[in-house]
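Just below is one structure, and these are the notes that go with it.
Numbered from 1 within each chain, the chains take letters A, B, ... in sequence-line order. When reading the values below, keep in mind they use all heavy atoms of this one structure, side chains included, and skip hydrogens, waters and symmetry mates.
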Amino acid sequence: MHERLSYYVKRDSALHRLNPLTKIILALSIVLVSIVSPWYWTAHILLLLVIVPLSFAGRVSREYFTSAIRLILPAAGFIFLMQAFFQPIGNTVIFKYLFLDVTQESLSFAFRISTRIAVMISAFTLFLLTTHPSELMSDLTRRGLPPQFAYVIISTLQILPQMQAKAQTIIAAQRSRGLDTESTFFKRAGSVVPLVGPLVFGSLVEVEERAIAIEARGFTSKSIKTSLHEIPDSLSDKIIRWVLILLVLLSIALKIWLS
Amino acid sequence: MKIEIRDLRFTYPTGLEALQGVSLVVEPGEQVAIVGQNGAGKTTLVRHFNGLLQAAAGSVLIGEWDPKKYSVAKLASRVGYVFQNPDEQLFSKDVGTEVKFGPRNLGYAKEKIDELVQRALSLTELSDKTETNPYDLSPTWRKMVALASVIAMDTPIVIFDEPTTGQDALNVARIAHVIAELRREGKTVITITHDIDFCAENFERVIAMSKGRILLDGPAREILGQEHILAQTYVDPPQLTRLGKKLGLKETVRNQVEFLEIYKNHRNK
């Protein structure tokens with residue numbers, strides 16, 4: 001019944017099994033390479049020959065293409081139009097609309113920028129699709145991220161669906177007591193207090209209980225904690241990470257060398 | 001007020017078939033307990049009575065009303081529903097105002113509201129706490145406030161969802177007293193419960209549900225004796241009933257009084 005807040009799709013694949021840090025570095029290096037690379041076609045190659053195959057390797061291609069249509073295409077399309085119309089570069093005018101010139105240069109610039117945007121969103125969509133948020137956080141905490149920070153992120157993801165469910169129950173309870181939530185505006189406006197009151201009280205109580213519960217399990221304890229849930233970090237993870245970092249450095253070097 | 005359910009089916013958007021053809025008639029003034037494991041469909045069933053859920057197939061009649069044709073707010077004049085967790089409905093700054101909320105929504109005259117509120121408060125032993133903020137009361141008393149706020153609506157049908165969960169013995173006795181009073185007034189009471197002793201001591205009719213169907217429906221004495229069928233829905237008969245069986249008593253006993261009487265006869269033979 002709960003609405004999904006994280007994008008994570010639970011499946012078993014090579015991409016899912018990678019260490020979360022490896023996947024962050026993978027996403028970041030795809031983005032960096034696409035921006036830094038001196039060649040025009042790098043972003044397109046990355047999109048077609050890296051991201052799309054990765055989505056198949058991660059067995060999330062269907063989810064990836066859905067989000068590509070819903071999110072990536074509109075975002076990249078918007079950027080493309082803005083850049084094509086408002087970028088004041090080039091002299092080869094292709095067509096005029098009112099005072100706006102669309103030139104060959106601005107078109108190619110727009111194409112380049114919007115592909116980069118698509119690559120950026122795609123890389124992180126893939127990352128989110130294959131990484132469970134709590135797995136990411138426990139891995140990062142183990143590597144030295146303050147646990148308070150991880151708690152804020154994770155609890156937000158968990159509390160919102162819970163609050164939604166709670167709000168549904170409160171609405172049901174008050175309607176059962178004859179509260180009119182459906183008819184005229186004035187009647188509905190009057191029904192705010194009976195609905196919001198229990199939600200706010202309840203949430204405050206819950207926050208306190210959560211705080212006590214995690215403290216009872218030694219949340220602020222300074223000693224080194226072990227975790228029941230072991231997150232694998234294999235040799236191949238380490239190799240992949242170093243290769244990716246090298247690739248990023250290489251493309252930065254190329255950029256400097258060629259310019 | 002009569003409740004008539006015919007072949008009721010309901011499926012949640014998640015695809016869970018919570019009710020798979022439930023038929024049921026509850027006569028006016030009957031006291032019914034519904035038992036069964038979690039997910040058996042108990043709450044889903046009673047939420048059809050006041051229109052919180054609407055039948056996917058089959059029919060529901062509350063008196064002559066079809067809940068599909070009335071808003072929940074309207075149905076609230078016929079069916080009172082006490083939710084499990086009082087904290088999900090209490091919002092007023094004092095107990096008196098909280099209890100008044102329901103009857104005021106139903107549009108009763110001022111004198112009638114005052115009378116109903118007084119009666120509900122005295123029935124739930126809250127008369128000396130009318131000025132208190134509900135959140136200053138202990139959870140057991142908050143439960144009584146929730147009970148009072150629904151009883152004050154004076155509906156012919158009252159539903160309790162797990163009234164005794166998390167309550168101490170004293171408060172369970174208070175809730176039993178409230179239910180007995182409602183019976184005396186001729187109201188229909190339907191209670192969802194996991195507390196089988198409470199069920200045996202206070203209800204004449206018991207319905208056992210499992211996996212969206214009614215498994216058993218009949219007089220408590222008959223139902224509570226059917227250990228093997230009840231086991232299918234993870235309900236154990238009350239301790240005294242089981243003890244009676246172990247001792248080889250011929251009749252099914254439900255409470256101390258019955259047990260002592262039947263046991264005496266059994267020994268004298």
Side-chain angles (χ1 to χ4, degrees), chain A residues 1-11 62-63 66 158-213, chain B residues 12-16 18 43-44 46-47 49-53 70-93 97-108 133-135 139 142 146 148-155 157-161:
Chain A
M1 267 191 280
H2 295 185
E3 222 167 284
R4 233 157 40 112
L5 270 177
S6 95
Y7 276 102
Y8 179 67
V9 184
K10 192 177 152 77
R11 259 172 221 158
R62 226 187 63 206
E63 288 78 8
T66 336
Q158 286 176 347
I159 285 172
L160 282 175
Q162 272 177 21
M163 274 183 85
Q164 265 175 351
K166 201 185 175 71
Q168 288 307 318
T169 315
I170 293 169
I171 292 172
Q174 306 299 38
R175 286 170 80 203
S176 305
R177 292 168 76 194
L179 182 72
D180 198 335
T181 53
E182 283 160 353
S183 68
T184 62
F185 173 76
F186 283 105
K187 282 198 168 168
R188 276 187 289 167
S191 66
V192 166
V193 175
L195 298 181
V196 172
L199 188 64
V200 172
F201 286 134
S203 304
L204 289 178
V205 171
E206 242 162 53
V207 166
E208 190 193 5
E209 276 178 1
R210 254 167 202 274
I212 295 171
Chain B
Y12 281 103
T14 50
L16 177 77
T43 300
T44 310
V46 298
R47 285 193 175 190
F49 297 175
N50 71 340
L52 284 174
L53 295 176
Y70 295 86
S71 70
V72 177
K74 211 94 223 134
L75 281 157
S77 65
R78 295 201 162 182
V79 183
Y81 190 141
V82 183
F83 275 62
Q84 196 172 341
N85 183 357
D87 296 350
E88 283 170 349
Q89 65 172 71
L90 303 182
F91 65 94
S92 302
K93 62 180 193 327
T97 326
E98 185 70 47
V99 175
K100 224 180 258 178
F101 178 71
R104 262 222 317 254
N105 281 335
L106 297 182
Y108 294 138
N133 187 313
Y135 282 92
R142 285 213 289 276
S149 70
V150 172
I151 291 168
M153 291 161 69
D154 196 30
T155 51
I157 300 164
V158 185
I159 298 170
F160 296 99
D161 196 343

From B:Phe83 atom CZ to A:Gln174 atom CD, the distance as rounded to the nearest 0.5 Å: 9.0 Å
Using a cut-off of under 4.5 Å on heavy-atom pairs, state which of A:Gly202, A:Gly197, A:Ser176 scores highest against chain B. A:Ser176
If I compare all heavy atoms of B:Glu88 with all of A:Ile170, which pair ends up nearest, and what's the gap? O-CG1, 3.4 Å
Looking only at non-hydrogen atoms, find the nearest pair between B:Tyr135 and A:Pro198 and report the distance. OH-CA, 4.3 Å
Please check if atom CZ in A:Arg62 has more than 12 non-hydrogen atoms from other residues, nucleotides or ligands closer than 6.0 Å. no
Rounded distance [0.5 Å steps], CZ in B:Phe91 versus CG in A:Leu179: 7.5 Å
Part of B:Leu90 lying under 4.5 Å from any heavy atom of chain A: backbone
Option that, when pairs with chain A are counted at under 4.5 Å, heavy atom only, ranks first among B:Pro103, B:Ser92, B:Ala76, B:Ala73: B:Ala73
Tell me whether B:Asn105 contacts the main-chain N or O of A:Arg177 through its side chain, where contact means a donor paired with an acceptor under 3.5 Å. yes
Between B:Ser149, B:Gly80, B:Ser71, who has the most heavy-atom pairs with chain A when the cutoff is under 4.5 Å? B:Ser149
Please flag which part of B:Val79 lies under 4.5 Å from any non-hydrogen atom of chain A: side chain, backbone, both or neither. backbone
Show the nearest heavy-atom pair for residues B:Gln89 and A:Ala173, with the distance to one decimal. CB-CB, 4.0 Å
Bottom line for B:Glu98: the part with an atom under 4.5 Å from chain A's heavy atoms is both
Out of curiosity, B:Asp87 CG to A:Leu199 CG, how far, rounded to the nearest 0.5 Å? 12.0 Å
